[in-house]
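Notes for the one structure printed next.
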Number of protein chains: 2
Amino acid sequence: MSRTQAEPSEGSLLLDDQLCFALYAASRAVTARYRPLLDELGLTYPQYLVMLVLWEQDSISVRELGASLQLESSTLSPLLKRLEANGLLRRERRAEDERSVAIRLTGEGAALRERARSVPVAIGDAMGLTPEQDALAKQLLRLITANVTDG
Amino acid sequence: MSRTQAEPSEGSLLLDDQLCFALYAASRAVTARYRPLLDELGLTYPQYLVMLVLWEQDSISVRELGASLQLESSTLSPLLKRLEANGLLRRERRAEDERSVAIRLTGEGAALRERARSVPVAIGDAMGLTPEQDALAKQLLRLITANVTDG
DNA sequence: CACGAATAAGTTGCGCACGACTTAATCGGG
DNA sequence: CCCGATTAAGTCGTGCGCAACTTATTCGTG
(Lines give C-alpha, C1' and ligand atoms only; values in the text may rest on other atoms or scores of the structure.)
Protein backbone atom coordinates (compact mmCIF):
# COMPACT_ATOMS: atom_id res chain seq x y z
CA MET A 1 0.00 0.00 0.00
CA SER A 2 2.15 2.88 -1.18
CA ARG A 3 -0.58 5.53 -1.14
CA THR A 4 -3.54 5.36 1.18
CA GLN A 5 -4.25 9.06 0.74
CA ALA A 6 -4.40 10.95 -2.54
CA GLU A 7 -2.33 14.06 -2.96
CA PRO A 8 -4.82 16.97 -3.08
CA SER A 9 -4.11 18.28 -6.55
CA GLU A 10 -4.37 21.93 -7.51
CA GLY A 11 -7.79 21.72 -9.13
CA SER A 12 -9.40 19.02 -6.99
CA LEU A 13 -13.18 18.82 -6.88
CA LEU A 14 -13.17 16.84 -3.63
CA LEU A 15 -15.22 18.59 -0.98
CA ASP A 16 -12.70 17.96 1.76
CA ASP A 17 -9.88 19.55 -0.25
CA GLN A 18 -11.78 22.83 -0.46
CA LEU A 19 -10.70 25.60 1.88
CA CYS A 20 -13.96 27.34 1.02
CA PHE A 21 -15.94 24.50 2.56
CA ALA A 22 -13.85 24.48 5.73
CA LEU A 23 -14.58 28.20 5.98
CA TYR A 24 -18.30 27.84 5.33
CA ALA A 25 -18.66 24.95 7.79
CA ALA A 26 -16.64 26.69 10.52
CA SER A 27 -18.61 29.90 10.17
CA ARG A 28 -21.94 28.11 10.55
CA ALA A 29 -20.66 25.96 13.42
CA VAL A 30 -19.46 29.00 15.35
CA THR A 31 -22.72 30.85 14.75
CA ALA A 32 -24.60 27.79 16.00
CA ARG A 33 -22.49 27.83 19.13
CA TYR A 34 -23.43 31.47 19.74
CA ARG A 35 -27.13 30.81 19.29
CA PRO A 36 -28.12 29.69 22.82
CA LEU A 37 -26.05 32.49 24.40
CA LEU A 38 -27.56 35.14 22.14
CA ASP A 39 -31.06 33.75 22.59
CA GLU A 40 -30.82 34.84 26.22
CA LEU A 41 -30.06 38.38 25.05
CA GLY A 42 -32.86 38.26 22.49
CA LEU A 43 -30.40 38.75 19.63
CA THR A 44 -29.54 36.89 16.44
CA TYR A 45 -25.90 36.63 15.47
CA PRO A 46 -25.96 39.46 12.87
CA GLN A 47 -27.90 41.60 15.34
CA TYR A 48 -25.18 40.92 17.91
CA LEU A 49 -22.55 42.13 15.44
CA VAL A 50 -24.53 45.33 14.89
CA MET A 51 -24.71 45.86 18.64
CA LEU A 52 -20.94 45.33 18.96
CA VAL A 53 -20.40 48.18 16.50
CA LEU A 54 -22.88 50.44 18.25
CA TRP A 55 -21.43 49.78 21.70
CA GLU A 56 -18.11 50.84 20.23
CA GLN A 57 -19.42 53.94 18.47
CA ASP A 58 -22.97 55.14 18.98
CA SER A 59 -24.93 57.36 16.61
CA ILE A 60 -23.47 56.20 13.32
CA SER A 61 -25.22 56.02 9.96
CA VAL A 62 -26.48 52.91 8.20
CA ARG A 63 -23.74 53.47 5.65
CA GLU A 64 -20.99 53.47 8.27
CA LEU A 65 -22.48 50.39 9.91
CA GLY A 66 -22.49 48.67 6.53
CA ALA A 67 -18.86 49.60 5.99
CA SER A 68 -17.87 48.06 9.33
CA LEU A 69 -19.76 44.83 8.82
CA GLN A 70 -19.51 44.61 5.04
CA LEU A 71 -23.29 44.42 4.71
CA GLU A 72 -25.66 46.12 2.28
CA SER A 73 -28.41 48.49 3.33
CA SER A 74 -30.84 45.90 1.98
CA THR A 75 -29.66 43.60 4.76
CA LEU A 76 -29.29 46.23 7.45
CA SER A 77 -32.50 48.20 7.00
CA PRO A 78 -34.88 45.38 7.97
CA LEU A 79 -32.50 44.16 10.68
CA LEU A 80 -32.35 47.65 12.24
CA LYS A 81 -36.13 47.88 12.09
CA ARG A 82 -36.35 44.70 14.13
CA LEU A 83 -33.85 46.01 16.70
CA GLU A 84 -35.84 49.24 16.88
CA ALA A 85 -39.07 47.27 17.37
CA ASN A 86 -37.32 45.42 20.20
CA GLY A 87 -36.49 48.74 21.85
CA LEU A 88 -32.70 48.57 21.54
CA LEU A 89 -32.18 51.55 19.23
CA ARG A 90 -33.82 54.43 17.40
CA ARG A 91 -33.38 55.61 13.83
CA GLU A 92 -33.62 59.30 13.00
CA ARG A 93 -32.92 61.27 9.85
CA ARG A 94 -29.94 63.58 10.18
CA ALA A 95 -30.74 67.28 9.95
CA GLU A 96 -27.46 68.09 8.21
CA ASP A 97 -28.08 65.46 5.52
CA GLU A 98 -31.60 64.22 5.09
CA ARG A 99 -30.43 61.20 3.12
CA SER A 100 -28.62 59.82 6.12
CA VAL A 101 -30.11 58.02 9.13
CA ALA A 102 -28.43 58.07 12.53
CA ILE A 103 -28.67 54.91 14.61
CA ARG A 104 -28.73 55.66 18.34
CA LEU A 105 -28.86 53.16 21.18
CA THR A 106 -31.67 53.45 23.69
CA GLY A 107 -30.92 53.04 27.40
CA GLU A 108 -31.98 49.44 27.06
CA GLY A 109 -29.67 48.92 24.09
CA ALA A 110 -26.71 50.45 25.92
CA ALA A 111 -27.49 48.43 29.05
CA LEU A 112 -27.46 45.16 27.13
CA ARG A 113 -23.70 45.57 26.79
CA GLU A 114 -23.11 44.42 30.35
CA ARG A 115 -25.09 41.24 29.80
CA ALA A 116 -23.10 40.61 26.61
CA ARG A 117 -19.71 40.79 28.31
CA SER A 118 -19.59 37.07 29.02
CA VAL A 119 -20.35 36.05 25.44
CA PRO A 120 -16.92 36.48 23.79
CA VAL A 121 -15.25 34.70 26.69
CA ALA A 122 -17.61 31.74 26.43
CA ILE A 123 -17.08 31.50 22.67
CA GLY A 124 -13.34 31.89 23.03
CA ASP A 125 -13.34 28.98 25.47
CA ALA A 126 -15.46 26.87 23.14
CA MET A 127 -13.15 27.48 20.18
CA GLY A 128 -10.33 26.18 22.31
CA LEU A 129 -7.45 27.83 20.44
CA THR A 130 -4.24 28.97 22.02
CA PRO A 131 -3.71 32.76 21.84
CA GLU A 132 -1.15 32.11 19.09
CA GLN A 133 -3.56 29.98 17.05
CA ASP A 134 -6.29 32.58 17.54
CA ALA A 135 -4.05 35.37 16.28
CA LEU A 136 -2.84 33.26 13.37
CA ALA A 137 -6.39 32.33 12.37
CA LYS A 138 -7.50 35.97 12.43
CA GLN A 139 -4.47 36.95 10.35
CA LEU A 140 -5.11 34.27 7.72
CA LEU A 141 -8.83 35.04 7.52
CA ARG A 142 -8.15 38.73 7.04
CA LEU A 143 -5.61 37.93 4.35
CA ILE A 144 -8.15 35.77 2.52
CA THR A 145 -10.84 38.43 2.86
CA ALA A 146 -8.51 41.14 1.57
CA ASN A 147 -7.26 39.06 -1.37
CA VAL A 148 -10.69 37.91 -2.41
CA THR A 149 -12.23 41.37 -2.11
CA ASP A 150 -11.24 43.59 -5.03
CA GLY A 151 -9.04 42.34 -7.89
CA MET B 1 3.77 57.30 23.13
CA SER B 2 4.12 53.98 24.89
CA ARG B 3 0.97 52.31 23.52
CA THR B 4 -0.63 53.26 20.25
CA GLN B 5 -2.56 50.01 20.09
CA ALA B 6 -4.63 48.48 22.86
CA GLU B 7 -3.93 44.95 23.98
CA PRO B 8 -6.96 42.91 22.91
CA SER B 9 -8.15 41.67 26.27
CA GLU B 10 -9.71 38.30 26.84
CA GLY B 11 -13.33 39.46 26.92
CA SER B 12 -13.15 42.35 24.46
CA LEU B 13 -16.35 43.51 22.82
CA LEU B 14 -14.49 45.24 19.99
CA LEU B 15 -15.64 43.91 16.63
CA ASP B 16 -12.15 43.71 15.22
CA ASP B 17 -10.92 41.58 18.11
CA GLN B 18 -13.50 38.91 17.34
CA LEU B 19 -12.31 35.83 15.52
CA CYS B 20 -15.95 35.03 14.85
CA PHE B 21 -16.32 38.18 12.79
CA ALA B 22 -13.18 37.50 10.77
CA LEU B 23 -14.67 34.09 10.04
CA TYR B 24 -18.10 35.42 9.11
CA ALA B 25 -16.65 38.16 6.89
CA ALA B 26 -14.20 35.80 5.14
CA SER B 27 -16.89 33.23 4.47
CA ARG B 28 -19.18 35.78 2.84
CA ALA B 29 -16.33 37.37 0.88
CA VAL B 30 -15.26 34.01 -0.54
CA THR B 31 -18.83 33.10 -1.45
CA ALA B 32 -19.18 36.45 -3.20
CA ARG B 33 -16.04 35.71 -5.17
CA TYR B 34 -17.55 32.40 -6.32
CA ARG B 35 -20.81 34.01 -7.42
CA PRO B 36 -19.92 35.14 -10.97
CA LEU B 37 -18.19 31.83 -11.69
CA LEU B 38 -21.11 29.78 -10.42
CA ASP B 39 -23.63 32.00 -12.21
CA GLU B 40 -22.19 30.68 -15.46
CA LEU B 41 -22.92 27.14 -14.29
CA GLY B 42 -26.39 28.10 -13.12
CA LEU B 43 -25.55 27.17 -9.52
CA THR B 44 -25.65 28.91 -6.16
CA TYR B 45 -22.81 28.29 -3.75
CA PRO B 46 -24.66 25.72 -1.58
CA GLN B 47 -25.88 24.01 -4.75
CA TYR B 48 -22.27 23.83 -5.92
CA LEU B 49 -21.28 22.13 -2.65
CA VAL B 50 -24.07 19.58 -3.16
CA MET B 51 -22.81 18.91 -6.68
CA LEU B 52 -19.25 18.44 -5.36
CA VAL B 53 -20.52 15.69 -3.07
CA LEU B 54 -22.55 14.04 -5.82
CA TRP B 55 -19.68 14.13 -8.31
CA GLU B 56 -17.66 12.32 -5.67
CA GLN B 57 -20.33 9.77 -4.78
CA ASP B 58 -23.52 9.48 -6.79
CA SER B 59 -26.78 7.97 -5.57
CA ILE B 60 -26.59 8.91 -1.91
CA SER B 61 -29.46 9.71 0.43
CA VAL B 62 -30.50 13.13 1.69
CA ARG B 63 -29.30 12.03 5.10
CA GLU B 64 -25.80 11.19 3.84
CA LEU B 65 -25.65 14.45 1.93
CA GLY B 66 -26.62 16.30 5.10
CA ALA B 67 -23.91 14.50 7.05
CA SER B 68 -21.26 15.55 4.49
CA LEU B 69 -22.31 19.19 4.37
CA GLN B 70 -23.59 19.55 7.93
CA LEU B 71 -26.97 20.71 6.66
CA GLU B 72 -30.50 19.82 7.78
CA SER B 73 -33.07 18.16 5.58
CA SER B 74 -35.11 21.33 5.93
CA THR B 75 -32.34 23.12 4.04
CA LEU B 76 -31.55 20.34 1.59
CA SER B 77 -35.04 19.28 0.55
CA PRO B 78 -36.00 22.55 -1.15
CA LEU B 79 -32.48 22.98 -2.56
CA LEU B 80 -32.60 19.49 -4.11
CA LYS B 81 -36.01 20.24 -5.57
CA ARG B 82 -34.55 23.25 -7.34
CA LEU B 83 -31.63 21.21 -8.70
CA GLU B 84 -34.13 18.58 -9.89
CA ALA B 85 -36.24 21.28 -11.55
CA ASN B 86 -33.06 22.47 -13.31
CA GLY B 87 -32.49 18.95 -14.66
CA LEU B 88 -29.27 18.16 -12.77
CA LEU B 89 -30.55 15.29 -10.64
CA ARG B 90 -33.46 13.01 -9.82
CA ARG B 91 -34.87 11.98 -6.46
CA GLU B 92 -36.36 8.53 -6.04
CA ARG B 93 -37.57 6.64 -2.98
CA ARG B 94 -35.43 3.62 -2.21
CA ALA B 95 -37.17 0.26 -2.55
CA GLU B 96 -35.25 -1.27 0.36
CA ASP B 97 -36.22 1.57 2.73
CA GLU B 98 -39.17 3.69 1.70
CA ARG B 99 -38.18 6.41 4.17
CA SER B 100 -34.99 7.11 2.27
CA VAL B 101 -34.59 9.07 -0.95
CA ALA B 102 -31.73 8.40 -3.36
CA ILE B 103 -30.26 11.42 -5.17
CA ARG B 104 -28.96 10.50 -8.63
CA LEU B 105 -27.24 12.79 -11.13
CA THR B 106 -28.73 13.09 -14.59
CA GLY B 107 -26.44 13.06 -17.62
CA GLU B 108 -26.58 16.82 -17.54
CA GLY B 109 -25.66 16.90 -13.86
CA ALA B 110 -22.70 14.57 -14.40
CA ALA B 111 -21.58 16.55 -17.45
CA LEU B 112 -21.51 19.81 -15.50
CA ARG B 113 -18.48 18.47 -13.65
CA GLU B 114 -16.18 19.22 -16.57
CA ARG B 115 -17.33 22.83 -16.72
CA ALA B 116 -16.76 23.12 -12.96
CA ARG B 117 -13.14 21.98 -13.11
CA SER B 118 -11.78 25.50 -13.51
CA VAL B 119 -13.67 26.88 -10.50
CA PRO B 120 -11.46 25.68 -7.60
CA VAL B 121 -8.35 26.81 -9.45
CA ALA B 122 -9.75 30.29 -10.02
CA ILE B 123 -10.77 30.59 -6.38
CA GLY B 124 -7.46 29.24 -5.19
CA ASP B 125 -5.71 31.91 -7.23
CA ALA B 126 -7.99 34.62 -5.86
CA MET B 127 -7.36 33.60 -2.25
CA GLY B 128 -3.67 34.02 -2.95
CA LEU B 129 -2.37 31.81 -0.15
CA THR B 130 0.80 29.79 -0.32
CA PRO B 131 0.21 26.02 -0.15
CA GLU B 132 1.48 26.14 3.44
CA GLN B 133 -0.93 28.91 4.42
CA ASP B 134 -3.78 27.08 2.69
CA ALA B 135 -3.05 23.88 4.61
CA LEU B 136 -2.66 25.77 7.88
CA ALA B 137 -5.93 27.64 7.37
CA LYS B 138 -7.82 24.41 6.66
CA GLN B 139 -6.28 22.81 9.73
CA LEU B 140 -7.24 25.70 12.02
CA LEU B 141 -10.76 25.93 10.61
CA ARG B 142 -11.33 22.22 11.12
CA LEU B 143 -10.02 22.49 14.66
CA ILE B 144 -12.43 25.33 15.40
CA THR B 145 -15.32 23.42 13.83
CA ALA B 146 -14.51 20.29 15.81
CA ASN B 147 -14.09 22.14 19.12
CA VAL B 148 -17.23 24.19 18.72
CA THR B 149 -19.34 21.22 17.61
CA ASP B 150 -20.25 19.00 20.57
CA GLY B 151 -19.35 19.83 24.17
C1' DC C 1 -28.73 78.61 -10.49
C1' DA C 2 -30.01 74.53 -13.13
C1' DC C 3 -29.76 69.94 -13.90
C1' DG C 4 -27.71 65.51 -14.44
C1' DA C 5 -24.70 62.47 -11.59
C1' DA C 6 -23.89 60.58 -7.33
C1' DT C 7 -25.21 59.08 -2.82
C1' DA C 8 -28.15 57.14 1.28
C1' DA C 9 -31.64 54.36 2.62
C1' DG C 10 -35.15 51.42 1.68
C1' DT C 11 -38.20 47.75 -1.01
C1' DT C 12 -38.76 43.48 -3.43
C1' DG C 13 -37.74 38.82 -4.76
C1' DC C 14 -35.20 34.70 -4.13
C1' DG C 15 -32.42 31.28 -1.94
C1' DC C 16 -30.45 29.67 1.94
C1' DA C 17 -30.16 28.09 7.22
C1' DC C 18 -32.40 26.43 11.01
C1' DG C 19 -35.87 25.41 14.76
C1' DA C 20 -40.23 23.31 15.44
C1' DC C 21 -43.21 20.44 13.63
C1' DT C 22 -45.51 16.65 10.54
C1' DT C 23 -45.86 12.35 7.99
C1' DA C 24 -44.57 7.96 6.84
C1' DA C 25 -41.80 3.92 7.28
C1' DT C 26 -38.85 0.88 9.99
C1' DC C 27 -37.01 -1.00 14.21
C1' DG C 28 -37.00 -3.51 18.49
C1' DG C 29 -38.39 -5.18 23.07
C1' DG C 30 -41.99 -7.69 25.42
C1' DC D 1 -46.65 -10.16 16.40
C1' DC D 2 -47.66 -5.70 18.22
C1' DC D 3 -46.97 -1.18 19.47
C1' DG D 4 -44.16 2.57 21.16
C1' DA D 5 -39.70 4.57 19.83
C1' DT D 6 -36.78 5.88 16.30
C1' DT D 7 -35.55 7.44 11.83
C1' DA D 8 -35.89 9.85 7.02
C1' DA D 9 -37.67 13.37 4.54
C1' DG D 10 -40.34 17.16 4.12
C1' DT D 11 -43.23 21.62 5.43
C1' DC D 12 -43.60 26.05 7.63
C1' DG D 13 -42.14 30.36 9.64
C1' DT D 14 -38.46 33.67 10.54
C1' DG D 15 -34.33 36.09 9.63
C1' DC D 16 -30.54 36.88 7.04
C1' DG D 17 -27.73 38.20 2.50
C1' DC D 18 -27.68 40.04 -1.82
C1' DA D 19 -28.92 41.68 -6.61
C1' DA D 20 -31.87 44.84 -8.84
C1' DC D 21 -34.48 48.49 -8.34
C1' DT D 22 -36.84 52.85 -6.28
C1' DT D 23 -37.10 57.23 -3.84
C1' DA D 24 -35.32 61.17 -1.92
C1' DT D 25 -31.60 64.23 -1.18
C1' DT D 26 -27.20 66.35 -2.11
C1' DC D 27 -23.28 67.34 -5.03
C1' DG D 28 -20.85 69.35 -8.79
C1' DT D 29 -20.11 71.48 -13.15
C1' DG D 30 -21.41 74.43 -16.65
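Owing to the predicted nature of the structure, the values given are computational and were not obtained by experimental measurement. Below, chains carry the letters A, B, ... as their sequence lines are ordered, and counting in each starts from 1.
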Are there more than 12 heavy atoms of other residues, nucleotides or ligands under 6.0 Å from atom CZ of B:R91? yes
With hydrophobic residues grouped by side-chain heavy-atom distances under 4.5 Å, do A:L129 and A:L140 end up in a single group? no
For the pair B:R104 and B:E92, find out whether any cationic side-chain nitrogen is under 4.0 Å from an anionic carboxylate oxygen. yes
Distances for protein N or O near nucleotides 1-7 of chain C N or O, under 3.5 Å:
from  : atom 1 : to    : atom 2 : distance (Å)
C:dT7 : O2     : A:R99 : NH1    : 3.3

If you group Ile, Leu, Val, Met, Phe, Trp and Tyr by side-chain heavy-atom gaps below 4.5 Å, do B:L19 and A:L136 land in one group? no
Enumerate the residues from residues 84-94 of chain B whose closest heavy atom to DNA chain D is under 4.0 Å, giving them by residue number; use none for an empty result. B:R91, B:R93
Considering all heavy atoms of both residues, which atom of A:M127 and which atom of B:I144 are nearest to each other, and what is their separation? SD-CG2, 3.8 Å
Could you identify which residues of residues 35-61 of chain A place a heavy atom less than 4.0 Å from some atom of DNA chain C, listed by residue number, or say none? A:R35, A:S61
Interatomic distance, B:S118 atom OG to B:D125 atom CG [nearest 0.5 angstrom]: 11.0 Å
Close side-chain approach of B:P46 and B:L79, heavy atoms under 4.5 Å: yes
Once you round it to whole Å, what is the distance between P of C:dA8 and CG of A:D97? 8 Å
Within this structure, what is the CD-to-C1' distance between B:Q70 and C:dG19, rounded to whole angstrom? 16 Å
May I ask you to say whether B:K138 pairs ionically with B:D134, meaning some side-chain N is under 4.0 Å from a carboxylate O? yes
Ignoring hydrogens, what is the shortest heavy-atom contact between A:Y45 and B:F21? Give both atom names and the distance. OH-N, 3.9 Å
How would you list, by chain and number, every residue that makes a ring pair (Phe, Tyr, Trp, His ring centres under 6.0 Å) with A:Y48, sequence neighbours excluded? A:Y34
Anything under 4.0 Å to a heavy atom of chain A counts; send over the first and last such nucleotide of DNA chain D, read 5' to 3'. D:dG15 to D:dT26
Salt bridge (charged side-chain N to carboxylate O under 4.0 Å, His left out) assessment of B:E98 paired with B:R93: CA-CA 6 Å; B:E98 290 280 344; B:R93 289 276 162 190; 5.6 Å; no
Hey, does A:P36 have a side-chain heavy atom less than 4.5 Å from the side chain of A:E40? no
Contacts of A:E96 and B:R28 projected onto DNA chain D by closest heavy atom; the upstream (5') one is B:R28
Quick test of your reading of the model: are A:R117 and A:E114 salt-bridged, counting only N-O distances below 4.0 Å? yes
Examine C:dC16: is either OP1 or OP2 under 4.0 Å from a nitrogen or oxygen in the side chain of A:Y24? Give yes or no. no
Name of the residue among A:L52, A:L54, A:V53 meeting side-chain contact (heavy atoms from CB on, under 4.5 Å) with A:V50: A:L54
Output the residues of residues 72-83 of chain B in contact with DNA chain C, where contact means a heavy atom of the residue under 4.0 Å from an atom of the strand; sort by number or write none. B:S74, B:T75, B:L79, B:R82
Do A:E64 and A:S61 have side-chain atoms, one donor and one acceptor, less than 3.5 Å apart? yes
